[in-house]
Amino acid sequence: MIYDAIVLGRGPLGVYTSLKLVNKGFKVLNIDCGAGLKNLKKKKNVNSNVLWKTQQQAPSLNESASDSKWHGGCMNLPLSELGEDYLKIPISEKSFIQSTENVKDFFNIKDFDFVNNKPISNKISEIKNYENVKYTYLTKDLRFEEKIKFLEEKDLYTFIDTNEQISYKLIPGKSAIVKSLDNSDNIFEYKGKQIFLCLGAIENARLLLNNIETLGLDENNIGKNLNDHLRFPVARVEFKNFEKFRDIFDKKRNKINENNLWPRYIVNNEDLKSYGFFKDWRDRNVFIRKFKFQFLKKIIPHNGTAVLYLFTEKLFSDSTNLNLSNQHEQIPDLKVNFNLDNFEIDQIKNIVDKYIEQLNKQFGNQIKNVERYEISLDEKFLNNVVSSNHPSGTTLMGLDPSNSLVNNKLQLWQHPNIFIYGSGSLPRPYYIHPTFTSMVLADVSLNLI
């Protein structure tokens with residue numbers, strides 16, 4: 001059988017893509033590797049001087065594939081990051097905004113502005129007035145079970161949970177071929193007029209690296225631009241009016257219609273996109289700390305501390321990339337190089353300076369003391385640096401086939417019926433949670449089919 005479309009992966013992007021295609025009248029085959037994801041994790045060799053979290057916690061909606069699920073953090077790319085310049089997203093503002101509304105409708109979110117990453121509510125109007133405070137919307141009901149059930153009731157939709165199968169071969173053509181391999185080396189073959197890779201930034205890259213010759217791809221545009229977000233503590237801040245500051249930045253105190261909002265403190269910087277957030281809140285006064293009544297804490301002014309964490313890009317460098325090894329095997333091992341270097345440490349120090357400077361300028365009358373942590377390549381600092389399961393840059397989107405893998409419709413330059421969806425096509429991590437934006441970009445692409 002030849003399907004109109006084959007969608008690889010049934011995570012958030014795979015579900016969304018399958019749904020859009022079925023609604024267009026396409027006969028869709030959706031393939032998920034299930035427990036095969038755990039086998040793929042075993043075939044990753046990580047060389048990193050920080051904790052590269054994706055090795056331990058590759059998220060999946062399939063419980064047999066991973067113990068980690070996408071927690072529903074939705075945050076969108078600022079419009080300022082659209083454009084044709086280097087490291088921008090080359091699509092129109094009109095298309096981006098329309099697709100943003102489509103993804104909002106998919107999640108049934110009506111109380112949040114994803115163009116500005118702010119709530120649509122006057123209940124926290126004071127906080128909304130801070131231009132450099134943005135939010136991640138934490139959804140409680142992701143609605144994926146409902147959407148999957150809807151899909152499975154459609155005659156146009158076929159799902160194969162390949163369980164121990166892993167897709168390893170792509171053969172281009174008018175009817176492209178996907179080949180999968182199980183644990184007993186049995187090969188399964190599927191044909192589709194269009195192929196959509198929704199496997200995640202790392203597994204999309206692995207599959208393409210394994211088919212460079214077959215697809216005629218430039219290996220310099222796959223995996224060599226691996227980047228991600230890094231999370232680490234940078235300072236302990238003591239506040240005079242502890243409760244007022246906590247009301248602004250504690251995610252447990254920011255809700256809209258029972259959904260949590262996670263405040264992000266933004267310092268604008270072109271070289272390194274980032275945001276700050278506060279956690280580990282602690283009253284200084286032991287007596288105050290033991291109060292059981294929250295209103296008493298708000299009435300009595302007192303000092304307290306919180307730790308400022310940064311969430312920054314780790315941009316691509318010679319020490320950050322993906323490569324295949326044991327290429328004689330049908331499913332080769334994937335080598336991940338993900339190391340911080342001295343240049344990046346200097347970048348981080350510079351951005352920390354800007355955060356402390358902006359904090360003092362904006363909230364100086366509320367800040368009593370800032371205890372900065374040492375930032376260096378020493379083990380003490382590196383042990384506190386964690387990647388954020390937001391890999392990007394592995395399958396670059398662009399306007400020139402010489403320096404990008406896919407065009408602004410997310411099609412392989414060499415094969416317009418093969419689409420690569422997900423955060424891997426983002427040129428850089430920016431300061432966003434990538435899933436929502438990845439779905440927006442997929443929607444832009446799907447609207448043109």
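Below, all heavy atoms of this structure are taken into account, side chains as well, without hydrogens, waters or symmetry copies.
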Any L230 side-chain heavy atom under 4.5 Å of L310 side chain: no

Euclidean distance, I432 CD1 relative to C74 SG, rounded to 0.5 Å: 11.0 Å

Cationic N near anionic O, under 4.0 Å, R206 to E203: yes

K169 atom NZ, over 12 foreign heavy atoms within 6.0 Å: yes

Residue K154 excluded, over 12 heavy atoms near NZ under 6.0 Å: no

K251 (side chain) donor-acceptor with L138 (main chain) under 3.5 angstrom: no

Heavy-atom pair of closest approach, residues I222 and A205: CG2-O, 3.8 Å

Point-to-point distance, once rounded to the nearest 0.5 Å, from CG of N403 to CG of D218: 10.0 Å

Minimal non-hydrogen separation, S95 against V444, with atom names: O-CG2, 3.8 Å

Side chain to side chain contact (heavy atoms under 4.5 Å, CB included) assessment of F196 paired with K20: CA-CA 12 Å; F196 297 82; K20 289 277 290 191; over 6 Å; no

Flag side-chain contact, heavy atom, 4.5 Å: Y137 against F436: no

Y190/Y3 aromatic ring centres below 6.0 Å: no

K110 side chain vs K104 backbone, donor-acceptor pair below 3.5 Å: no

Point-to-point distance, once rounded to the nearest 0.5 Å, from CD1 of I266 to CG of N117: 8.5 Å

S445 side chain to Y421 side chain, donor-acceptor N/O pair below 3.5 angstrom: yes

OH-CD distance between Y431 and E81, expressed to the nearest 0.5 angstrom: 7.5 Å

Heavy-atom closest pair, residues M397 and N407: CG-O, 3.6 Å

Side chain to side chain, P391 and L226, heavy atoms closer than 4.5 Å: yes

Residue that, paired with S274, satisfies side-chain contact (heavy atoms from CB on, under 4.5 Å) out of N269, N268, T312: T312

N227 (side chain) donor-acceptor with R428 (main chain) under 3.5 angstrom: no

Residue pair S425, L441: steps toward the side chain to side chain contact (heavy atoms under 4.5 Å, CB included) verdict: CA-CA 9 Å; S425 296; L441 298 182; 5.9 Å; no

Heavy-atom closest pair, residues N417 and G173: ND2-O, 2.9 Å

Spacing of NZ belonging to K24 relative to CG belonging to L446, to within rounding of 0.5 Å: 7.0 Å

Check: Y168 main-chain N/O paired with N211 side-chain donor or acceptor under 3.5 Å: yes

Derivation of the side chain to side chain contact (heavy atoms under 4.5 Å, CB included) call for N102 and Y16: CA-CA 11 Å; N102 292 343; Y16 190 79; 3.8 Å; yes

Salt-bridge present (K380, E374; N to O < 4.0 Å): no

Any donor-acceptor N/O pair, H390 side chain to P429 backbone, under 3.5 Å: no

pair L426-I89: side-chain heavy atoms closer than 4.5 Å: yes

Test item: N254 and N260 side chains (from C-beta on) under 4.5 Å apart, heavy atoms: no

Expected output: side-chain N350 to main-chain D346 donor-acceptor under 3.5 Å: yes

Parallel, tilted or perpendicular: rings of F278 and W281 (30°, 60°): tilted

Side-chain donor or acceptor of N30 paired with backbone N/O of L8 under 3.5 Å: no

Whether over 12 other heavy atoms sit under 6.0 Å from K191 NZ: no

Close side-chain approach of K224 and N323, heavy atoms under 4.5 Å: yes

Modelled atom types, side-chain donor and acceptor of S319 and N339, under 3.5 Å: no

Side chain to side chain, L21 and Q194, heavy atoms closer than 4.5 Å: no

Smallest separation among heavy atoms of Y265 and Q362, with atom names: OH-OE1, 2.8 Å

E213 atom CD, neighbour heavy-atom count above 12 within 6.0 Å: no

L308 vs L359 side-chain heavy atoms within contact, under 4.5 Å: yes

Worked check of side chain to side chain contact (heavy atoms under 4.5 Å, CB included) between L19 and F106: CA-CA 10 Å; L19 183 65; F106 173 81; 3.8 Å; yes

More than 12 heavy atoms from other groups under 6.0 Å of NZ on K335: no

Check: N447 side chain, D443 main-chain N or O, donor-acceptor pair, under 3.5 Å: yes

Contact summary for S404 and N221, nearest pair of heavy atoms: O-ND2, 3.4 Å

Over 12 foreign heavy atoms within 6.0 Å of CD, E146: yes

Within 6.0 angstrom of F343 CZ, more than 12 heavy atoms from elsewhere: no

Under 3.5 Å: donor-acceptor pair, side chain of E313, backbone of Y430: yes

Ion pair check, K43 and D333, cut-off under 4.0 Å: yes

Any residue meeting side-chain hydrogen bond (donor to acceptor under 3.5 Å, both in side chains) with N76, in chain and number order, not counting sequence neighbours: T100, T437

Main-chain N/O of N337 paired to N47 side chain as donor or acceptor, under 3.5 Å: no

ring-ring contact (aromatic ring centres under 6.0 Å, His included) partner of W262, the single match among F311, F112, Y135, F277: F277

Spatial distance of atom CD1 (I348) from atom NZ (K314) [nearest 0.5 Å]: 9.0 Å

D105 atom CG: more than 12 heavy-atom contacts under 6.0 Å: yes

